[in-house]
Amino acid sequence: MVLSTEEASKQVSTPYPPIDPNPSFTRVLLNFKPKEYAVVVASAAGSAFFGYLAGHPVRVPSTYCATAIGTLGGFCYSFRASLGRLLGFEPNN
Amino acid sequence: MVIIINISDIYIFIPELYLTLTVFILLIYGIFYSTNKYYGYPILSKNFGYLVVITFTYILFLIINTPDFLSTYFPSFFFFNNSLKWIKTIFLLVGICYVFLVISNISLEKLNVFEFFLLFILSILSIFLIISTFDLLSIYISLEMLNLIFYVLATIRRTSEFSTEAGLKYFILGVFSTGLLLFGIALIYGCIGITNFIDLSLFFQSIMKEKSILEIPTDLLLGLVFISTAFFFKLSAAPFHMWSPDVYEGTLTSIITLFIIFTKITIFFLFINLFGTSLFELFNVWQKLTLICAFFSLFLGTFIAFAQTKFKRFLAYSSINHVGFIMIAVSSINYNGFYSLIFYMMIYILINLGIFASLLSLRNFRNYKFNHQIRYISEFTILSKTHPIIAFSILIILFSISGIPPIAGFFTKLIVFLTCLKSSLYSLVIFAITISCLATFYYIRIIKIIYFDNCNVWLIYVPMDKSKAFVLSFSVLLLTFFCLNPNLIINSIYIISTIN
């Protein structure tokens, strides 16, 4: 079974018109809105706080680990929102 | 065969990708700091538990914010629809409740390994993959991932011979059942060259227009039988149940919760995905297999449980009984069959969360040095005097399991029986009602032991912690007050079972 990128990208019907059916990683990052940057920062900060509270007996390393988890989570949310706008899954006025 | 992964696949796969990357972060953190001399080689198990809760919260957020659509990805090995979104949400919520249940028990059991929670996250990842499968090959790969994790978890207490024996039994019999699954997949592929669910569905729809069941190649039917046998093995449905009481008895109580709740729910969803959609045309074949297993599960799960004195073995046979009821719901062809199945599984999750919250909190504080989990049913005699609220909670949960109204368990059995009557399975309903009445005996027997038996040995139990109390109260309140506002759960289940 051989699929071209064009055929593969046509498999999914989207509710909104796609801006770019096969965007690059950089293009998705550049398409971030300020709200999405705020989500990354907020999730990192919130996770750091909970990581410190739950970090007994290693509070500082636990804070770093929780910050990494939170940053990754916020980044994944923002990346998907940005990618969704480019692919046409989310509103992209 | 060239498979091109499109970036739209990444869009759908982001929660699972996040889970995988979080496992890497936690693994590096665990390895570096658990062996860190500066921090005094700290025990990180509780810390990991809270980090897992943070992770699950983010994944919950990611999954709930997924837009509604229907698609396959990677390509057509997995699928995504709106009902999967809510099923994954339920698994995550149950996962968070599970972490609250076991987080303090890990240190009491002296299971000071951070890998326990890593394996739990990986098991949730494999569960997500299993319920999203759309191909026979991806069933095998994701199911085997879950099995390998559970083999390790069964033997995680390396200093215990019981644990090692249980893990070894689970491994050998699990591998045997996986062999059956693979053989069934190989027979189907060898006969028709198809593994994808949609292709299988189209094939059987076209072939059943021209041929009867008797004209279908034997290899195909044998493949179906082997695959369903493998699933029944994993579910510990009778007559393939022999391994489960021994494995449950030897494994830690914290880990049995995983086996009883997560494995059974996952395999049943997989069963519906495969047999309810792509192999739906062969319903007359797999319905008979399901009915035979339902009959044996109800019969053996009831009568062998009478003889049990150890609580873990009793729970194993009780879960076999539950599997029998769920298989009755699966055997009903119409839409209501799936609705009653999902409803039964929701209440089954609540019941098991409650029973394990009670069980995990009952640690015998003997000699003020050694404490062990309650083992025998006879050790419940002291409970109504020392822990009246826990005793009452166990009473509510046991009433729910036995199907006494107006607790939620009664409505689950009622809906399953009504679904069977609609499908004209009259003799099965009469048998199931009889078995349900007989099974009530051994649940009521526990209540009699708790409230009416004379206590000869006064045991001191470790006080229940807040996280277990939260899970227990959540479970008992929902089970008890379900009858006051049943629409709360029924409407949500209706939405999950009808969308896409």
Side-chain angles (χ1 to χ4, degrees), chain A residues 1-16 18 20-25 27-28 39 43 46-51 53-62 64-84 86-91, chain B residues 1-19 21-26 28-30 32-34 36 38-44 46-62 65-73 75-76 80 103 196:
Chain A
M1 180 178 69
V2 177
L3 286 177
S4 68
T5 309
E6 203 180 335
E7 284 169 355
S9 65
K10 280 182 184 169
Q11 284 182 352
V12 180
S13 61
T14 58
Y16 302 94
D20 184 349
N22 192 22
S24 64
F25 184 76
R27 180 149 189 205
V28 177
V39 163
S43 56
S47 305
F49 175 67
F50 284 112
L53 286 180
H56 181 75
V58 283
R59 290 200 189 273
V60 173
S62 172
Y64 292 147
C65 182
T67 311
I69 292 172
T71 312
L72 185 64
F75 178 78
C76 285
Y77 172 81
S78 304
F79 186 88
R80 192 178 61 185
S82 172
L83 183 60
L86 289 172
L87 291 175
F89 287 111
E90 293 180 27
Chain B
M1 177 176 161
V2 176
I3 298 171
I4 298 170
I5 297 172
N6 196 14
I7 200 157
S8 61
D9 299 336
I10 306 291
Y11 177 79
I12 303 165
F13 195 63
I14 275 182
E16 285 84 358
L17 196 62
Y18 172 67
L19 258 178
L21 293 171
T22 311
V23 166
F24 294 148
I25 293 172
L26 287 171
I28 293 167
Y29 166 66
F32 272 101
Y33 287 100
S34 66
N36 192 308
Y38 177 77
Y39 287 101
Y41 306 103
I43 295 168
L44 294 176
K46 254 192 178 175
N47 177 220
F48 260 70
Y50 292 121
L51 290 173
V52 166
V53 172
I54 295 171
T55 307
F56 281 5
T57 312
Y58 278 109
I59 298 168
L60 205 59
F61 189 60
L62 278 172
N65 284 302
T66 309
D68 297 337
F69 62 92
L70 169 66
S71 174
T72 59
Y73 58 104
S76 303
F80 178 83
I103 201 161
N196 189 271

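Here is the naming used below: chain letters follow the sequence lines, and residue numbers restart at 1 for every chain. In this text the structure is predicted, and so the values were computed from the model without any measurement.
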Whatever's closer than 4.5 Å to a heavy atom in chain A on B:Y39 counts as side chain
#### Entry: Working for side-chain contact (heavy atoms from CB on, under 4.5 Å), residues A:F75 and B:L21
CA-CA 12 Å; A:F75 178 78; B:L21 293 171; over 6 Å; no
Greatest number of non-hydrogen atom pairs under 4.5 angstrom with chain B, of A:V28, A:L86, A:L53, A:V58, falls to A:V58
Interatomic distance, OH@B:Y33 vs OH@A:Y64, rounded to 0.5 Å, equals 7.5 Å
Here the pair of heavy atoms bringing B:Y11 nearest to A:G84 is CE1-CA, 3.4 Å
Greatest number of non-hydrogen atom pairs under 4.5 angstrom with chain A, of B:L44, B:L62, B:N65, falls to B:L62
Checking B:Y58 against A:S47: is there a side-chain donor and acceptor pair closer than 3.5 Å? yes
One should read off an interatomic distance between B:I10 CD1 and A:L83 CG, to the nearest 0.5 angstrom, of 9.0 Å
The interface call for B:T57 against chain A, heavy-atom contacts under 4.5 Å, is neither
Rounding to 0.5 Å, atoms SG (A:C65) and CG (B:L26) come to a distance of 4.5 Å
For A:A54 and B:N47, the nearest pair of non-hydrogen atoms, with its separation, is O-ND2, 2.9 Å
d(A:S62 OG, B:Y50 OH) to nearest 0.5 Å is 11.0 Å
Value for CG (A:L72) from CZ (B:F24), rounded to nearest 0.5 Å, stands at 11.5 Å
